[in-house]
Undergrad: 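Below is the structure I would like to discuss, written out as structure tokens.
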Amino acid sequence: MPELPEVETVRRVLEKRIAGRRIVGLEVRDPRLRTPLDPAALHAALVGRSIVHVARRSKYLLLHLSGDRVLVVHLGMTGNLRVARGDDVLEPHTHVRIALGGGEELRYADPRRFGMLFEIGQAEIASHPRLGSIGPEPLEPGFDAQWLVQRAALVRKPIKNFLLDGRVVAGVGNIYACEALYRAGVHPRRAAGRLAAERWQVLCAALRTVLSLALRDGGTTLQDYRDAEGRSGAFQLRLRVYGREGHRCRRCRGTIRRIVQAGRSTFYCPGCQR
DNA sequence: CGGGCGGCCTGGAGGC
DNA sequence: TGCCTCCAGGCCGCCC
């Protein structure tokens, strides 16, 4: 569920709430995540260290710890990190509790268990198999139409699927890929390599706009997503196509359609996207 | 090799 | 009420 705006929203809350805190305890209640947890190793690696700051790369949260260690957390589809009091009622599917002292803790819960939580050295970030090949951050310098044009050259797959490739651009998932294509007026089935450079300019700008607006709204909450203080996002109110099959397009009054690409739903407006 | 698809899990929604 | 099917925001491995 969480894409860049949601993960960044969580990061900002965590930075405010837990940066500078020391980890004083760890409880692994269920190690069966996408990458199975090793409770003893995790305990040895985390307890006693402090959280220096909280960063993000693509959809990964990077909790930088003292001693140049990094706790990496991916929320998968339904994962959430929550700052809680130790005596707060445990949400179902709470798999990990990280005690921070003073009665507070950080909880990782994830019903579907598609998430990941692992610990590495800071120096390993660049070469880590899951982190090393991630593409540029779309809201930072280094991401522009020129890069996209270059990456898309000779690529025949649909542009929607191209945008979901994390090596091309970091943090873009199904919702924001659909929304950016709509705003740019690009048909999701268009072959990536056959989009004119001027259209890439428009699409690049649309991607940045939609991600920025979503971030400003604290992300999109369709069902589960909440930030680390339990707050919902509001960008679901501004979605133009995602989840709106059969509804009227706000721009052309045509009907939003849903198709399946690479096994995933794509929503678009046949009138506005060519 | 590029690209598509199934699988990993659970839960909620909707049909009957 | 209950049972069944479908669907979900991510990612990876396997296959052609």
Undergrad: Quick test: give all pairs of protein nitrogen or oxygen and nucleotides 12-16 of chain C nitrogen or oxygen below 3.5 Å, distance rounded to 0.1 Å.
TA:
{"unit_1": "dC12(C)", "atom_1": "OP1", "unit_2": "Arg130(A)", "atom_2": "NE", "d": "3.4"}
{"unit_1": "dC12(C)", "atom_1": "O4'", "unit_2": "Arg34(A)", "atom_2": "NH2", "d": "2.7"}

Undergrad: Need one value for Asp110(A): base, sugar-phosphate or nothing, where a base atom within 4.0 Å counts as base even if backbone is also close, heavy atoms only.
TA: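 Nothing: the residue Asp110(A), judged by heavy atoms under 4.0 Å, touches no strand.
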Undergrad: Does dA8(C) have OP1 or OP2 under 4.0 Å away from a side-chain N or O of Arg258(A)?
TA: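 So the side chain of Arg258(A) is within the cut-off, an N or O lying under 4.0 Å from OP1 or OP2 of dA8(C).
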Undergrad: I'd like to check the ring pair (Phe, Tyr, Trp, His ring centres under 6.0 Å) partners of His187(A); sequence neighbours left out, ordered by chain and number.
TA: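 Checked His187(A) against ring pair (Phe, Tyr, Trp, His ring centres under 6.0 Å); matches are Tyr268(A).
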Undergrad: Asn161(A) CG to dG10(C) C1': how many Å, rounded?
TA: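 Going from Asn161(A) (CG) to dG10(C) (C1'), I get 14 Å.
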Undergrad: Over all strands shown, is Pro92(A) touching base, sugar-phosphate only, or nothing at heavy-atom distances under 4.0 angstrom?
TA: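 Nothing: the residue Pro92(A), judged by heavy atoms under 4.0 Å, touches no strand.
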Undergrad: Taking atom C1' in both dC11(C) and dG12(B), compute the distance separating them and give it to the nearest angstrom.
TA: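 The same atom, C1', in both gives a distance of 23 Å.
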Undergrad: Looking at dA8(C), does its base get a donor-acceptor pair with the side chain of Arg264(A) below 3.5 Å?
TA: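 In this structure, the two groups form no donor-acceptor pair.
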Undergrad: Could you tell me which residues satisfy side chain to side chain donor-acceptor pair (under 3.5 Å) with Asp30(A), sequence neighbours excluded, listed by chain and number?
TA: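 Here the qualifying residues are Arg32(A).
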Undergrad: Distance check needed: dC11(C) P versus Asp165(A) CG, whole Å only.
TA: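 After rounding, the reported distance stands at 11 Å.
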Undergrad: dG9(C) C1' sits how many Å from Arg226(A) CZ, rounded?
TA: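 After rounding, the reported distance stands at 13 Å.
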Undergrad: Determine whether the aromatic ring of Tyr225(A) stacks with the base of dG9(C), defined as ring centroids separated by less than 5.5 Å and ring planes inclined by less than 30°.
TA: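 The base of dG9(C) is not stacked with Tyr225(A) (the test needs centres under 5.5 Å and planes under 30°).
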Undergrad: Whole angstrom is fine here: how far is it from CG in Leu239(A) over to C1' in dG9(C)?
TA: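 Checked: the CG to C1' distance equals 11 Å.
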Undergrad: Could Arg56(A) and Glu137(A) be called an ion pair, given the rule that one side-chain N must be under 4.0 Å from one carboxylate O?
TA: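 The answer is yes: the pair qualifies as a salt bridge.
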Undergrad: Identify all side-chain donor-acceptor contacts of residues 167-176 of chain A below 3.5 Å with residues at least two apart in sequence or on another chain.
TA:
{"unit_1": "Arg167(A)", "atom_1": "NE", "unit_2": "Asp165(A)", "atom_2": "OD1", "d": "3.1"}
{"unit_1": "Arg167(A)", "atom_1": "NH2", "unit_2": "Asp165(A)", "atom_2": "OD2", "d": "2.9"}
{"unit_1": "Asn174(A)", "atom_1": "OD1", "unit_2": "Lys160(A)", "atom_2": "NZ", "d": "2.8"}
{"unit_1": "Asn174(A)", "atom_1": "ND2", "unit_2": "Ser265(A)", "atom_2": "O", "d": "2.9"}
{"unit_1": "Tyr176(A)", "atom_1": "OH", "unit_2": "Glu6(A)", "atom_2": "OE2", "d": "2.5"}
{"unit_1": "Tyr176(A)", "atom_1": "OH", "unit_2": "Thr220(A)", "atom_2": "OG1", "d": "2.7"}

Undergrad: Checking contacts here: which listed nucleotide (dA8(C), dG9(C), dG10(C)) is nearest the side-chain heavy atoms of Ile175(A)?
TA: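 Selected nucleotide (nearest to the side chain): dG9(C).
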Undergrad: Check whether any side-chain nitrogen or oxygen of Ser265(A) sits under 4.0 Å from OP1 or OP2 of dA8(C), and answer yes or no.
TA: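 Yes, Ser265(A) has a side-chain N/O under 4.0 Å of OP1/OP2 on dA8(C).
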Undergrad: How would you list, by chain and number, every residue that makes a side chain to side chain donor-acceptor pair (under 3.5 Å) with Tyr182(A), sequence neighbours excluded?
TA: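 Expected list: none.
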Undergrad: Could I get the full list of side chain to side chain donor-acceptor pair (under 3.5 Å) partners for Glu104(A), not counting sequence neighbours?
TA: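 For Glu104(A) the side chain to side chain donor-acceptor pair (under 3.5 Å) partners, ignoring immediate neighbours, are Arg17(A), Arg21(A).
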Undergrad: Which whole-number value in Å describes the distance from Asp224(A) CG to dA8(C) P?
TA: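 Spelled out: CG on Asp224(A) to P on dA8(C) is 14 Å.
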Undergrad: Without decimals, in angstroms, what is the distance between Leu117(A) CG and dG10(C) C1'?
TA: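 Answer to the nearest Å: 16 Å.
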Undergrad: Which helical stems does DNA chain C take part in, if a stem means at least 3 consecutive Watson-Crick or G-U pairs with both distances below 3.5 Å?
TA: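 Stem segments, range with range: B:2-8 with C:10-16, B:10-16 with C:2-8.
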Undergrad: What is the 5' to 3' range of DNA chain B, first to last nucleotide, that sits under 4.0 Å from any heavy atom of chain A?
TA: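 The footprint of chain A covers dG3(B) to dG11(B).
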Undergrad: On DNA chain B, does the nearest nucleotide to Gln261(A) precede the nearest nucleotide to Arg167(A) from the 5' side, or the other way round? Give the residue.
TA: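 The residue mapped nearer the 5' terminus is Arg167(A).
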Undergrad: Do other residues, nucleotides or ligands put more than 12 heavy atoms under 6.0 Å from Leu237(A) CG?
TA: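 Above 12, so yes.
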Undergrad: Output all residues satisfying ring pair (Phe, Tyr, Trp, His ring centres under 6.0 Å) with Phe114(A), sequence neighbours left out; order by chain, then residue number.
TA: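 Once residues adjacent in sequence are excluded, Phe114(A) has no partner under the ring pair (Phe, Tyr, Trp, His ring centres under 6.0 Å) criterion.
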Undergrad: Check the distance between dA8(C)'s C1' and Glu6(A)'s CD and give it to me in whole angstrom.
TA: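 From Glu6(A) CD to dA8(C) C1': 14 Å.
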Undergrad: Give a yes or no on whether the ring-centroid distance for Trp200(A) and Phe143(A) is below 6.0 angstrom.
TA: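 So the answer is no for these two rings.
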Undergrad: Using a heavy-atom cut-off of under 4.0 Å over every strand shown, decide if Tyr242(A) touches base, sugar-phosphate, or nothing.
TA: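 The residue Tyr242(A) makes sugar-phosphate contact but no base contact.
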Undergrad: With Glu27(A), which residues qualify under side chain to side chain donor-acceptor pair (under 3.5 Å), at least two apart?
TA: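 Arg97(A).
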Undergrad: List, by chain and number, the other hydrophobic cluster members for Leu90(A), where Ile, Leu, Val, Met, Phe, Trp and Tyr join if side-chain heavy atoms come within less than 4.5 Å, directly or indirectly.
TA: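 Grouped by the 4.5 Å side-chain rule, Leu90(A) forms a cluster of one, so the answer is none.
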Undergrad: Salt-bridged, Glu119(A) to Arg69(A), with N to O below 4.0 Å?
TA: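 Judged by the 4.0 Å cut-off on N to carboxylate O distance, Glu119(A) and Arg69(A) do form a salt bridge.
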Undergrad: dC5(B) and dC7(C): how far apart are their P atoms, nearest whole angstrom?
TA: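 Taking atom P in both dC5(B) and dC7(C), they lie 14 Å apart.
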Undergrad: Using the ring pair (Phe, Tyr, Trp, His ring centres under 6.0 Å) rule, collect all pairs that involve residues 30-66 of chain A, keeping only residues at least two apart or in two chains.
TA: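 Sorted pair list: His53(A)-His64(A), Tyr60(A)-His74(A).
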Undergrad: Round to a whole Å and report the spacing from CD of Glu3(A) to C1' of dG10(C).
TA: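 My rounded result for the distance is 9 Å.
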